[in-house]
Asker: 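The structure follows.
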Amino acid sequence: MVDLLLGQVIRFCDIPMTDQAFGMEHLTQGAVVVKDGRIAAVGPAEDVKRAWPQARLHDYGDKLISAGFIDAHVHFPQTAIIASWGKRLIDWLNAYTFPEEMRLADPLYAKTIAETYMDLALANGTTSMCSFCTVHPASVDAFFAAAQRRGLRAMGGKTCMDRNAPEGLRDSAQSAYDDSKALLRKWHGVDRLSYVITPRFSPTSTPDQLRALGDLWAEHPDCLMQTHLSEQTDEIAWVRSLFPQARDYLDTYEAFGLLGENGLYGHAIHLEPREIDRLSELNAGIAHCPTSNTFIGSGLFDMAGMVDRTRVGLATDTGGGSSFSMLRTMAAAYEIGQLRGTPLHPAFLWWLATQGSARSLKIDDRVGNIAVGLEADLIVVDLASTPAIRQRMSRADSFTEALFATIMMGDDRAIASVWVNGEKHH
């Protein structure tokens, strides 16, 4: 069956960094053809309808058809403790995160949380994500099985920690390597799933463990590696005390083979000039997590300084982040940009949540945009989903002004329909 979706269409041919939204293409009356799980055509509605007369029509009126949102950095095991009050990073981990992650040793509980997370992500229009799981292999199985059941392009890996964590969450250098390798062999490249090598961050891994995971990455260089980098100043001081020989935080990864183009580094707020230069030289990926950065009091990411130098994606960082919604996350990115004196254009924010995140995860050849040949992960967005947004939109004198109202005030009510791999999900 061939499906033809009618509505407004947003797609990208370049990074829309200027106020003129150069790089964004907007079709007021557009159409997208979905065939065999892929996008077969996109263009003006009348032309596409003429070319595909037998297609099954889905007329979304003036709603917006977009690529699905892509969440570049998430902790699905923290779903149940999202919006936990009042701690900074290290206290937050000890008070909320680690006790909750220990519960995922139970495969049944891990399955429940994975299913809940996936349903919440899809309800918010997120069709791909890259997640940290827990130290327990069963949590990885739960995550991938839940994604597989829904046909999602999903990425994730077992979080490795062999120090500075509770007994029930620690592995060893050897078991981290062995478990990760076994899970990689089990899941990597199955359907739309990709395994990601996942040391939590330098403070919770010994040099031996970091080296073991660096070795595993060298054996499987096509895999991504994800971790955290320079989220809070007291965390950076902790890293300095644990690795006195390192030049800086990034060096604690580089020294053990954990720095490369297929690396994805979460947060990256308080970087030294040398670290920025190295990330730029390697074209490494950065995950910007704005709701988390404000919620945990981490700092203000320098989008203007980083996006021209390396690949930057957008992320909820659930549950340190305070929302499952990529719309809310775009709004927070805008607010942080304002505090840094850099207003981010609505078209850029939308690009960041779709193609930008896809680029950061090295999957932009498959998802993150509406273009012929890409996988058909699509969302239909109601740009007048609430009375407050509707009245604001009535005063908008351009498409991006209307879009901005939904970015700033929208939530899961704005997501009218979700298509995953060419199948209508809801």
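In this chain, residues are counted from 1 in sequence order. Only heavy atoms go into these numbers, but all of them, side chains included; no hydrogens, no water, no symmetry mates.
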Asker: Counting only N and O atoms by type, is there a donor-acceptor contact under 3.5 Å from the side chain of N164 to the main-chain atoms of P203?
Answerer: yes

Asker: Residues in ring-ring contact (aromatic ring centres under 6.0 Å, His included) with H288, at least two apart?
Answerer: F301

Asker: Could you go through T134 and T159, starting from their C-alpha distance and side-chain angles, then the distance that decides it, and tell me whether this counts as side-chain contact (heavy atoms from CB on, under 4.5 Å)?
Answerer: CA-CA 5 Å; T134 68; T159 296; 5.7 Å; no

Asker: Given 3.5 Å as the limit, does a donor-acceptor pair link the side chain of Q391 with the main chain of A388, or not?
Answerer: yes

Asker: Nearest 0.5 angstrom please: F324 CZ to D411 CG, how far?
Answerer: 13.5 Å

Asker: Do L152 and M118 come within less than 4.5 Å of each other through their side chains, counting heavy atoms only?
Answerer: yes

Asker: Going by the salt bridge (charged side-chain N to carboxylate O under 4.0 Å, His left out) test, name the single residue among K35, R38, R56 that passes it with D3.
Answerer: R56

Asker: Can you give me the closest heavy-atom contact between Y265 and G260, atom names plus distance?
Answerer: OH-N, 3.4 Å

Asker: First locate atom OG1 of T227, then atom CZ of F201, and finally report the distance between them rounded to the nearest 0.5 Å.
Answerer: 8.5 Å

Asker: For a 4.5 angstrom cut-off between non-hydrogen side-chain atoms, does F399 reach T28?
Answerer: no

Asker: How close do I39 and N369 get, heavy atom to heavy atom, and via which atoms?
Answerer: CD1-O, 3.9 Å

Asker: Would Q78 and T318 count as having a side-chain donor-acceptor pair, cut-off 3.5 Å?
Answerer: no

Asker: Does a side chain donor of either E231 or N293 reach within less than 3.5 Å of an acceptor in the other side chain?
Answerer: no

Asker: Could you check whether any side-chain heavy atom of L344 comes within less than 4.5 Å of a side-chain heavy atom of M330, counting everything from C-beta outward?
Answerer: no

Asker: Show the numbers, then the answer: is there a side-chain contact (heavy atoms from CB on, under 4.5 Å) between I197 and L224?
Answerer: CA-CA 6 Å; I197 296 163; L224 289 195; over 6 Å; no

Asker: May I ask you to say whether R309 pairs ionically with E281, meaning some side-chain N is under 4.0 Å from a carboxylate O?
Answerer: no

Asker: Looking only at atom types and distance, does a side-chain atom of T400 sit under 3.5 Å from a main-chain N or O of A347, one as donor and one as acceptor?
Answerer: no

Asker: For the residue pair T291 and A332, what are the closest heavy atoms and their distance?
Answerer: CG2-CB, 3.6 Å

Asker: Just checking, is any N or O donor in the side chain of Y96 or E100 under 3.5 Å from an acceptor N or O on the other one?
Answerer: no

Asker: Inspect the surroundings of CD in E401 and state if more than 12 heavy atoms from other residues, nucleotides or ligands are less than 6.0 Å away.
Answerer: yes

Asker: Please tell me if the side chains of L57 and L6 come closer than 4.5 Å, counting only heavy atoms from C-beta onward.
Answerer: yes

Asker: Ignoring hydrogens, what is the shortest heavy-atom contact between A31 and V9? Give both atom names and the distance.
Answerer: N-CG2, 3.9 Å

Asker: Is there a donor-acceptor contact under 3.5 Å linking the side chains of D179 and H136?
Answerer: no

Asker: Is there a side-chain contact between T116 and L120 (heavy atoms, below 4.5 Å)?
Answerer: yes

Asker: Is there a donor-acceptor pair closer than 3.5 Å between any side-chain N or O of K63 and the backbone N or O of V381?
Answerer: no

Asker: Quick check on ring pair (Phe, Tyr, Trp, His ring centres under 6.0 Å): which of Y195, F143, F144 does W187 satisfy it with?
Answerer: F144

Asker: For the backbone of A284 and the side chain of T310, can you confirm whether one donor and one acceptor N or O come within less than 3.5 Å of each other?
Answerer: yes

Asker: Is a side-chain donor or acceptor of R153 paired with a backbone partner of I363 at a separation under 3.5 angstrom?
Answerer: no

Asker: Could D377 and R366 be called an ion pair, given the rule that one side-chain N must be under 4.0 Å from one carboxylate O?
Answerer: no

Asker: So do I389 and R392 actually touch side chain to side chain, heavy atoms under 4.5 Å?
Answerer: no

Asker: Quick check against the 3.5 Å criterion: does R192 have a side-chain atom that pairs as donor or acceptor with the backbone of G151?
Answerer: yes

Asker: Give a yes or no on whether the backbone of V196 and the side-chain of T198 come within a donor-acceptor separation of less than 3.5 Å.
Answerer: yes

Asker: Would you please test I269 and L300 for side-chain contact (heavy atoms from CB on, under 4.5 Å) and show each step?
Answerer: CA-CA 6 Å; I269 300 170; L300 307 177; 5.7 Å; no

Asker: Walk me through it: do F76 and L104 pass the test side-chain contact (heavy atoms from CB on, under 4.5 Å)?
Answerer: CA-CA 11 Å; F76 97 83; L104 275 83; 3.9 Å; yes

Asker: Do D71 and T316 have side-chain atoms, one donor and one acceptor, less than 3.5 Å apart?
Answerer: yes

Asker: In Å and rounded to the nearest 0.5 Å, what is the CG to CG distance from L250 to L279?
Answerer: 5.0 Å

Asker: Ring centres of W350 and H345 under 6.0 Å apart?
Answerer: no

Asker: Hey, could you give me the CE/CH2 distance between M225 and W217, rounded to the nearest 0.5 Å?
Answerer: 4.5 Å

Asker: Please test Q232 against S298 for side-chain hydrogen bond (donor to acceptor under 3.5 Å, both in side chains), starting from the C-alpha separation and ending with a verdict.
Answerer: CA-CA 5 Å; Q232 294 202 334; S298 300; 3.1 Å; yes

Asker: Do the side chain of D47 and the main chain of G43 share a donor and acceptor less than 3.5 angstrom apart?
Answerer: no

Asker: Any salt bridge linking E423 with R150? Criterion: basic side-chain nitrogen under 4.0 Å from a carboxylate oxygen.
Answerer: no

Asker: Hey, can you tell me if H73 and H75 have their rings parallel, tilted or perpendicular (30° and 60° cut-offs)?
Answerer: perpendicular

Asker: Would you call R274 and D248 a salt bridge, using N to O less than 4.0 angstrom?
Answerer: yes

Asker: Quick one: does E25's side chain have a donor or acceptor within less than 3.5 Å of a partner on C13's backbone?
Answerer: no

Asker: First locate atom CG of D191, then atom CD of Q148, and finally report the distance between them rounded to the nearest 0.5 Å.
Answerer: 4.5 Å

Asker: Quick one: are R340 and D302 in side-chain contact, heavy atoms under 4.5 Å?
Answerer: yes

Asker: How close do V312 and L352 get, counting heavy atoms only, and between which atoms?
Answerer: O-CD1, 3.6 Å

Asker: Exactly one of H228, Q226, E101 should register a side chain to side chain donor-acceptor pair (under 3.5 Å) with R200. Which one does?
Answerer: E101

Asker: Side chains of L327 and N124: does their closest heavy-atom pair fall under 4.5 Å?
Answerer: no

Asker: To the closest 0.5 Å, what do you measure between OG (S202) and CD (E235)?
Answerer: 8.5 Å

Asker: Under a 4.0 Å threshold between the charged nitrogen and the carboxylate oxygen, would K49 count as salt-bridged to E46?
Answerer: yes

Asker: What is the minimum heavy-atom distance between R413 and T386, and which atoms define it?
Answerer: CZ-CG2, 3.6 Å

